[in-house]
Amino acid sequence: MADVNTVVIVSDRQELVNQISQKLVLLRNLDKIKSCSIEEAQNMFDGFSPNILVLHCDNNNPRAINLIKKLKKQDIYQNLPILLINENCSRETIIEAFDNGISDVLFMPIIDYELLIRVIWCLQKNEMNLNIESRIAFLTNLGIVQAETGVYTQKYCDDFLKNEIAQSKKYSQKACILLISPDKKYPNYKSPKEFISIIKKSIRVNDSIIIKDVDQFYVYLQKTKLNGAYSVFERINNNLGTESGANAGVVEVQDQDFDDIKDALNAALEKASENTNSLIVASDFYVKEKKPTINLQKSSDIINRQNTQDVEEQKVPLNSEVKSAFDKNSIKLFNQAYLRKLKVVVNPVFKKYENILKIKKQDFAINSYTGNKSLFSVSSGEVCASMAIEYDGIEHALIRLTITDNEQKRLFETETINFTILDYRRMSLMLNELIDKFIIILKKKR
């Protein structure tokens with residue numbers, strides 16, 4: 001920490017200001033403590049920048065949240081650590097405060113050592129942020145970081161990625177790389193600058209954006225598995241809105257050669273761009289025998305061993321015409337790719353909506369399993385809704401959406417798609433719409 005630090009306490013209750021001030025006296029390297037009301041805060045800050053702001057928010061006070069928003073919009077306060085003292089605030093208010101840039105939260109009643117620990121942490125974070133800002137300014141002057149957007153430039157793209165991959169391997173950390181671009185099929189096509197701002201809103205502070213081409217960008221996701229990459233892709237598309245979209249390839253960094261990672265990501269993005277809002281797993285495009293594949297036998301937390309064996313053993317019989325079009329190696333690769341699709345898309349989406357329905361705490365019977373034939377079903381009384389996915393053993397999946405009421409079909413939709421375009425977002429939308437219709441029918445019967 002610095003030799004001296006200034007803490008500003010912002011609260012409309014003087015007795016709380018006094019209480020916090022008395023506890024902060026124990027803090028070493030403390031220069032001065034200032035205080036003011038929420039109303040006075042902005043004028044007070046016009047004269048100087050403190051090392052930390054301790055902000056009291058009671059009963060979801062909107063003026064406290066508005067102060068955070070106003071301060072964080074000003075460059076001088078971008079890195080100002082804010083410790084929120086929460087008193088009777090809802091979860092939504094706390095989340096909103098974090099979304100707008102607070103560093104930490106402390107719950108009432110205030111405990112001496114906890115206050116000191118969190119203030120020290122905020123002061124350390126302030127110094128770290130200032131150091132990062134200085135380094136970014138230095139990298140910008142060297143042309144490594146783009147001044148306009150704050151992302152890594154195309155010239156140093158390969159050097160940056162090689163360094164990050166080496167660091168991840170050194171500490172045996174998982175990492176994923178997205179190669180993403182705007183979807184040109186949408187009417188509201190985002191410019192590169194606009195698209196970068198959307199990506200920034202969708203990733204964590206420690207993730208990085210690197211320019212590959214005019215409208216193609218690498219996104220390096222630290223400590224992330226494929227499931228996490230799918231979630232990031234979903235957030236990007238949600239932040240783009242309904243009039244814009246994105247396509248991407250993704251790879252989980254393992255022991256692949258760097259050039260092979262790039263080639264596979266290029267092939268995956270090209271394949272994704274043939275569709276709409278698609279995310280393709282780049283490892284499906286490795287062509288050399290030496291390239292690693294995901295070992296699903298060890299992934300019992302997502303697909304149990306029995307389901308994996310079922311997919312491998314229950315091959316759908318292929319007619320002679322199909323056999324002549326695909327050799328045995330191609331069919332094997334398709335089956336491996338489908339197993340990965342079960343792992344990173346089908347099973348996570350099923351689990352997501354199982355949890356959503358359980359939270360509703362209604363009398364729902366929920367069942368799901370994944371394999372060569374996957375099923376998600378929810379029923380209540382005489383009404384049952386289901387999503388069935390059947391893999392044909394090569395490259396297509398048949399999706400059936402069904403709702404029955406007293407054994408009479410109220411909804412029956414089928415769609416045959418190339419399973420490589422079945423992504424997290426698309427499947428979530430389909431299942432969400434099915435459940436909404438199921439609930440509407442239940443309400444009408446009651």
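For clarity, every value in this text was computed on a predicted model and none was experimentally measured. Numbering starts at 1 and runs along the sequence shown.
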**Request:** Could you walk me through whether Thr224 and Arg204 pass side chain to side chain donor-acceptor pair (under 3.5 Å), step by step?
**Result:** CA-CA 11 Å; Thr224 303; Arg204 302 163 301 184; 2.8 Å; yes

Flag, side chain of [X] to backbone of [Y], donor-acceptor distance under 3.5 Å:
X      : Y      : value
Asn100 : Glu96  : yes
Lys72  : Leu80  : yes
Gln256 : Gln254 : yes
Asn131 : Glu127 : no

**Request:** Would you please name every residue forming a side-chain contact (heavy atoms from CB on, under 4.5 Å) with Ser172, sequence neighbours left out?
**Result:** none

Distance-only donor-acceptor check, side chains [X] and [Y], under 3.5 Å:
X      : Y      : answer
Tyr189 : Asp183 : no
Asn60  : Thr93  : yes
Glu270 : Ser273 : no
Glu354 : Ser368 : yes
Glu133 : Asn79  : yes
Glu194 : Ser191 : yes
Arg118 : Ser103 : no
Asn239 : Ser202 : yes
Tyr220 : Ser168 : yes

**Request:** Find the distance between CG (Leu179) and CG (Asp213) and round it off to the nearest 0.5 Å.
**Result:** 9.5 Å

**Item:** Distance (rounded to the nearest 0.5 Å) between Met430 CE and Ile435 CD1
**Value:**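 Rounded to the nearest 0.5 Å, the CE-CD1 separation comes out at 12.0 Å.
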
Restricting to non-hydrogen atoms, name the atom on [X] and the atom on [Y] that form the minimum distance, rounded to 0.1 Å.
X      : Y      : result
Phe438 : Ser380 : CZ-N, 3.9 Å
Ala385 : Leu434 : CB-CG, 4.1 Å
Tyr218 : Ile177 : CD2-CG2, 3.8 Å
Ser374 : Phe350 : CB-CE2, 4.1 Å
Leu71  : Tyr77  : O-CB, 3.3 Å

**Message:** By the definition salt bridge (Lys or Arg N to Asp or Glu O under 4.0 Å), identify the one residue from Glu415, Glu413, Glu390 that meets it with Arg400.
**Reply:**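 The single option meeting the salt bridge (Lys or Arg N to Asp or Glu O under 4.0 Å) with Arg400 is Glu390.
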
**Item:** Other residues, nucleotides, ligands: >12 heavy atoms within 6.0 Å of Phe138 CZ
**Value:**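 No, CZ of Phe138 has 12 or fewer neighbouring heavy atoms, counting only those of other groups under 6.0 Å.
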
**Asked** Hey, is Glu243 close enough to Lys190 for a salt bridge, meaning N to O under 4.0 Å?
**Response** no

**Request:** Indicate yes or no: does Glu252 engage Lys174 in a salt bridge with an N to O separation below 4.0 Å.
**Result:**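 Salt bridge flag = yes for Lys174 with Glu252.
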
**Request:** Could you tell me whether the side chain of Thr153 reaches within less than 4.5 Å of the side chain of Ile210, counting heavy atoms only?
**Result:** no

**Request:** Answer yes or no: is there a side-chain heavy-atom contact under 4.5 Å between Cys176 and Leu226?
**Result:**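 Yes. Closest side-chain heavy atoms under 4.5 Å.
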
**Message:** Which residue is it: Asp255, Asp260, Ile261? I am looking for the one with a side-chain contact (heavy atoms from CB on, under 4.5 Å) to Asp257.
**Reply:** Asp260

**Prompt:** When the ring centroid of Phe376 is compared with that of Tyr353, is the distance short of 6.0 Å?
**Reply:**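 Distance test on ring centres: not under 6.0 Å, no.
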
